[in-house]
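I have placed the structure first, in the form of C-alpha cells, so that the comments after it can refer back to it.
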Number of protein chains: 2
Amino acid sequence: MSAIAVSTEETILEAARKVFMQKGFAAARMCEIAKIAGINQALLHYYFRSKDRLFEVIFAQQSQNFYANIISILHSDVPFFEKLRMMIAKEIEKISSAPYLPMFILNEMHSNPERMQCNGSVDRNTHFFKTFSELVEKEYEAGRIRKVCPQQLFLSIMGITMFPFLAQPMIKMALEIDGKSFEQLMQERAEHASELIIRSLQV
Amino acid sequence: MSAIAVSTEETILEAARKVFMQKGFAAARMCEIAKIAGINQALLHYYFRSKDRLFEVIFAQQSQNFYANIISILHSDVPFFEKLRMMIAKEIEKISSAPYLPMFILNEMHSNPERMQCNGSVDRNTHFFKTFSELVEKEYEAGRIRKVCPQQLFLSIMGITMFPFLAQPMIKMALEIDGKSFEQLMQERAEHASELIIRSLQV
DNA sequence: GTCTATAATTTGATAGAC
DNA sequence: GTCTATCAAATTATAGAC
C-alpha cells in the first residue's frame, strides 16, 4: 500500500484509458491495453470480464470528468460577466490537460447513443444548462445584457471553448502551426473567448 | 442509362457512405454495407479491392464536400460584416443537410492523422484561412472593427457554427429537446451566430 | 493473481461456378 | 457482373497450470 506501488487494477485502467481515448472503442485492441499495462491479455479478462465492461468503466469515469463541476462557478457570488470569464477559463484549462476528452465523449455518444444513460451525466448536464439559463434571463431583466436566446448562447460558449480541441488536427493544418504553437494559442484562448462573448452581450 | 436505374457502383458508394459516416472506419462492417446495398460481400471486393480502398474513396469525396467552396463568398463584393453573415449562413445550411459530416471528418483525422494529406484539402484549407486573415487585418486598419487576433476569430466562427452538430447528442440531452426541436434551433442559429460575432467585433 | 496455450468468434478477403 | 461457399487473419475470451 505504498504511494509508489499501484495496484494492477489501476495500471490496467490507466492503460485502457490511454488506448480507448486515442482510438475509440471499435479501434482499440485488448492486446495493446495489456501490453501497455505490462501484463497479458488473460489478466485483463480476470479483472474486467470483457472489452465492453472495461470500456464502460473508462467511459463512465471520463464522462464524469467531462461534466465535472463548472456549475459551482455559476453559483458563486460574483458578477455575471465574471462568472462567464471564470467558466470559460476553467473549461479551457480542464480540456487543455486532457485534449482528447471532448472528442472521445462526443464521438462515442455519436456512434453509440445508447451509452448516454449511464450514470447521472444527463441530470448534471440539464441542471447545468437550467442554472445558466436562469442567470441569463435574470441579467436581461436587470437590463445588464441584451435580449438573447439562452440556448443559442449556451451553444456558442461551448463551441468557442471546445471546438479548437475537437478540430485540433484540422486547425493545425489550416493555420499551419505545430503542437507547440497550438498550445500557445490555447493558452491565449480564454481571454479572447471571454472578450468575444461578453462584448456580444453588451446592451 | 435511365434516370432511375443506378449503377451498382453508385449503390455501393451510397451504402458505404451511410455506414462509414455513422460508425467511422473501425466500427463499420463490410457485410453491413453489402446488405444495405442489396448485394453480397464478394461483389464489394470486386468493385473496390478492400475496406481501406472503399473508405478512401468515401473519405476523399466527403472531405471535398466538407471544405467545399465557402471561399468565393470571401472574394465577393460586399461589406465585411455581410461576408461573415453569408459565410456563417452558408456553412450552417451545408452542414444541416449532412449533420454527420463534421464528426466523420474530424474524428477520422483524429484517429488516423496520416489520411490528411489526401487530395488538396490542406491547400484549400490554408488558403481559406489566409484570405480570411487578410480581410480581418484590412478591416482593422480601416478602423471598421476592433483589434482582434485573426486566428482566434477564425476558431470562434468555426466553433460557433460547427460545434452544435459535433455535439448533437449531448446538446439534445442538455437542452432536453428532440430531433425536431434541434433542427428548429439550427435554423435559427445562423442569425444568432452572425449577430454574436459581428457585435463582438464592433469598435 | 498471474501466466501460457488455445478455443471461439468475428470479419475482411478470395476461389470458382454461373 | 454476380453469386455461394470458404479461407485466412485478427481479436476477444477462456481453460488450466503455477
Side-chain angles (χ1 to χ4, degrees), chain A residues 1-62 104 107-108 111-112 114-115 118, chain B residues 1-62 104 107-108 111-112 114-115 118:
Chain A
M1 282 283 186
S2 82
I4 299 164
V6 231
S7 70
T8 304
E9 187 171 327
E10 281 178 84
T11 312
I12 293 174
L13 283 173
E14 173 61 13
R17 192 188 55 74
K18 274 186 198 153
V19 177
F20 280 134
M21 296 259 294
Q22 193 182 65
K23 309 247 176 114
F25 176 79
R29 295 288 165 252
M30 291 297 267
C31 61
E32 190 184 355
I33 294 174
K35 196 178 160 196
I36 291 178
I39 56 161
N40 61 67
Q41 224 167 316
L43 208 54
L44 271 186
H45 286 84
Y46 173 79
Y47 278 92
F48 305 86
R49 193 174 166 69
S50 67
K51 185 183 178 185
D52 272 278
R53 298 248 193 158
L54 179 53
F55 182 81
E56 271 167 33
V57 175
I58 300 294
F59 187 77
Q61 279 181 0
Q62 296 303 315
F104 173 69
N107 184 48
E108 292 299 338
S111 60
N112 197 346
E114 305 84 64
R115 243 187 281 274
C118 91
Chain B
M1 282 280 185
S2 80
I4 298 164
V6 230
S7 71
T8 304
E9 188 171 328
E10 281 179 85
T11 311
I12 292 175
L13 284 173
E14 173 61 13
R17 192 188 54 74
K18 274 185 197 155
V19 176
F20 279 134
M21 296 260 291
Q22 192 182 64
K23 309 250 177 109
F25 176 79
R29 295 290 164 251
M30 292 297 267
C31 61
E32 190 184 355
I33 295 174
K35 195 178 159 195
I36 291 178
I39 56 162
N40 61 65
Q41 222 168 318
L43 207 54
L44 271 185
H45 286 83
Y46 173 79
Y47 277 93
F48 305 87
R49 193 175 166 70
S50 68
K51 185 183 179 184
D52 272 277
R53 298 248 192 156
L54 179 54
F55 182 81
E56 271 166 34
V57 175
I58 299 296
F59 188 78
Q61 280 182 1
Q62 296 302 315
F104 174 69
N107 185 48
E108 293 301 337
S111 60
N112 198 346
E114 307 84 64
R115 243 187 280 274
C118 91

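Numbers restart at 1 for each chain; the letters A, B, ... are given by sequence-line order, proteins then strands.
At a threshold of 4.0 angstrom between heavy atoms, the contacts of A:Ala26 with the nucleic acid are absent. The residue B:Ala28 sits close only to the backbone: its heavy atoms come under 4.0 Å of sugar-phosphate atoms, none of a base.
Whole-Å rounding puts the A:Ile33 CD1 to D:dA13 C1' distance at 14 Å. Between the CD atom of B:Glu9 and the P atom of D:dT2 there is a distance of 11 Å, rounded to whole Å. Note: CZ (A:Phe25) to P (D:dT11) measures 13 Å, nearest angstrom. Counting to the nearest Å, the P atom of C:dC3 and the NZ atom of A:Lys35 are 16 Å from each other. Taking atom NZ of B:Lys51 as the reference point, atom P of C:dG12 lies 5 Å away to the nearest angstrom. Look at CG on A:Leu44: it is 17 Å from P on D:dA15, rounded to the nearest Å. One interatomic measurement links the two molecules: CG of B:Leu54 to C1' of C:dT11, which rounds to 15 Å at whole-angstrom precision. When the C1' atom of D:dA13 is taken as reference, atom CG of A:Leu43 falls 14 Å away, rounded to whole Å.
No donor-acceptor pair under 3.5 Å is formed between the side chain of A:Asp52 and the backbone N or O of A:Phe55. B:Glu108 places a side-chain N or O within 3.5 Å of a backbone atom of B:Phe25 that can act as its donor or acceptor partner. Between the side chain of A:Lys23 and the main chain of A:Arg29, no donor-acceptor pair closer than 3.5 Å is present.
Looking at the side chain of B:Gln41, the nearest of the listed nucleotides C:dT4, C:dA13, C:dT14 is C:dA13. Distances from the side chain of B:Met30 to the nucleotides D:dT12, C:dA13, D:dC3 place C:dA13 closest.
We find that A:Glu14 and A:Arg17 are joined by a salt bridge, their nearest charged nitrogen and carboxylate oxygen being less than 4.0 Å apart.
In terms of phosphate contacts, A:Asn40 brings no side-chain nitrogen or oxygen within less than 4.0 Å of OP1 or OP2 of C:dT2. Under 4.0 angstrom from either OP1 or OP2 of C:dT14 there lies no side-chain N or O belonging to B:Tyr46. When the side-chain nitrogen and oxygen atoms of A:Thr8 are compared with OP1 and OP2 of C:dT2, one or more of them lie within a distance under 4.0 Å. Remark: A:Arg29 is not in phosphate contact with D:dA10, judged by side-chain N or O atoms under 4.0 Å from OP1 or OP2. A:His45 has no side-chain polar atom (N or O) that falls below the 4.0 Å cut-off from OP1 or OP2 of D:dT14.
Counting heavy atoms from C-beta outward, B:Thr11 and B:Ile36 have side chains that stay 4.5 Å or more apart.
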